[in-house]
Amino acid sequence: MLNLEGVHAYYGYIHALKGVSLKVEEGSIVTLLGANGAGKTTILKVISGVLKASSGSVTFLDHDISKLAPEKVVSEGIVQAPEGRQIFPELTVIENLQVGAYTRRDKKNIKSSYQIVFDYFPILKERQDQLAGTLSGGEQQMLAIGRALMAKPKVLLLDEPSLGLAPLIVKDIFKIIQEINAQGTTVFLVEQNANQALAISDYAYVLETGKITVEGKASEIKEDPKVLQAYLGGH
Ligand code: ATP
């Protein structure tokens with residue numbers, strides 16, 4: 001569904017991606033693991049059109065999206081939940097969700113999307129008139145995902161949704177990601193929390209200094225000695 005083939009990307013002279021190839025199959029959850037600075041966020045930037053690849057291809061449903069502006073990529077159906085819970089703190093929960101729907105052309109169906117988001121995250125319904133900045137960390141992460149869902153993604157991109165959250169909340173978030181996927185949304189997940197990410201994923205890639213070094217079914221990656229040592233605490 002979403003394919004990167006031999007992608008190189010630079011920040012000035014910094015060669016951040018050195019020939020990355022990966023595939024996200026329709027209906028799957030794919031996880032990208034990697035240490036700090038490996039280039040995980042850069043891959044998301046290239047997919048969402050914020051950073052252009054210097055060479056290589058990015059295709060979605062068999063057409064080239066590498067030259068599209070970020071808002072066009074969203075209209076195509078590739079939507080990233082705002083990184084680091086970058087919701088708008090001075091707007092209410094419902095206003096944040098409204099922002100997520102801005103690229104939609106089918107304005108009359110937006111109402112049902114609020115309902116879908118509230119079904120996944122009932123707490124957001126309770127807090128719909130509350131300023132987003134006053135939500136807890138977990139609730140802000142839920143709002144970030146909810147806001148992305150308002151754009152009706154075919155592929156949902158998530159950059160470390162578990163970052164800084166308590167283990168119980170992380171469990172909830174991963175469960176909801178699984179539910180969102182079960183309802184038909186493909187998920188591409190960047191995570192440091194390898195154990196839980198692999199537990200819900202079909203396929204996984206490991207990125208090291210701009211190159212994919214390991215890939216395979218999530219169930220196999222969990223047993224890979226190199227991955228075990230580097231990302232799973234050696235267990
Ligand atoms: P983290 O988990 O810490 O976010 P990451 O795997 O997402 O790490 P990236 O943020 O993609 O890594 O960064 C990849 C490399 O590119 C790093 O060496 C980083 O220092 C560099 N880099 C990232 N953003 C910029 C930028 N705006 N300007 C220059 N260099 C950058």
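Indexing begins at 1, ligand by ligand and atom by atom, following the structure's order.
Heavy-atom separations between G39 and ligand 1 include at least one value shorter than 4.0 Å.
Every atom of ligand 1 is numbered from 1 in the order shown, and the set under 4.0 Å from a heavy atom of Q192 is 2 (O). In summary, the atoms of ligand 1 found under 4.0 Å from a heavy atom of E160, numbered by their order in the structure, are 2 (O). Near A35, the atoms of ligand 1 lying under 4.0 angstrom from a non-hydrogen atom of the residue are 6 (O). Annotation for ligand 1: atoms under 4.0 Å from non-hydrogen atoms of A38 are 5 (P), 6 (O), 12 (O).
In this structure, of T42, D159, T41, the residue bringing a heavy atom nearest to atom 13 (O) of ligand 1 is T42.
When all heavy atoms of K222 and A199 are compared, the closest pair comes out as NZ-CA, 4.3 Å. Closest approach of K154 to L61, counting heavy atoms only: CD-CD1, 4.3 Å. Between T92 and Q128, the closest heavy-atom pair is CB-O, 3.7 Å.
Tested against F188, the residues L156, I78, L32 include a single side chain to side chain contact (heavy atoms under 4.5 Å, CB included) partner, L32.
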For residues 167-184, which side-chain donor-acceptor pairs fall under 3.5 Å, sequence neighbours excluded?
from : atom 1 : to   : atom 2 : distance (Å)
N181 : ND2    : G27  : O      : 3.1
N181 : ND2    : S28  : O      : 3.3
N181 : ND2    : T185 : O      : 3.0

Task: Working for side chain to side chain contact (heavy atoms under 4.5 Å, CB included), residues Y203 and L22 - done: CA-CA 10 Å; Y203 204 81; L22 61 83; over 6 Å; no

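Residue contacts with ligand 1: G37 is placed with a nitrogen or oxygen under 3.5 Å of a nitrogen or oxygen of the ligand (distance criterion only).
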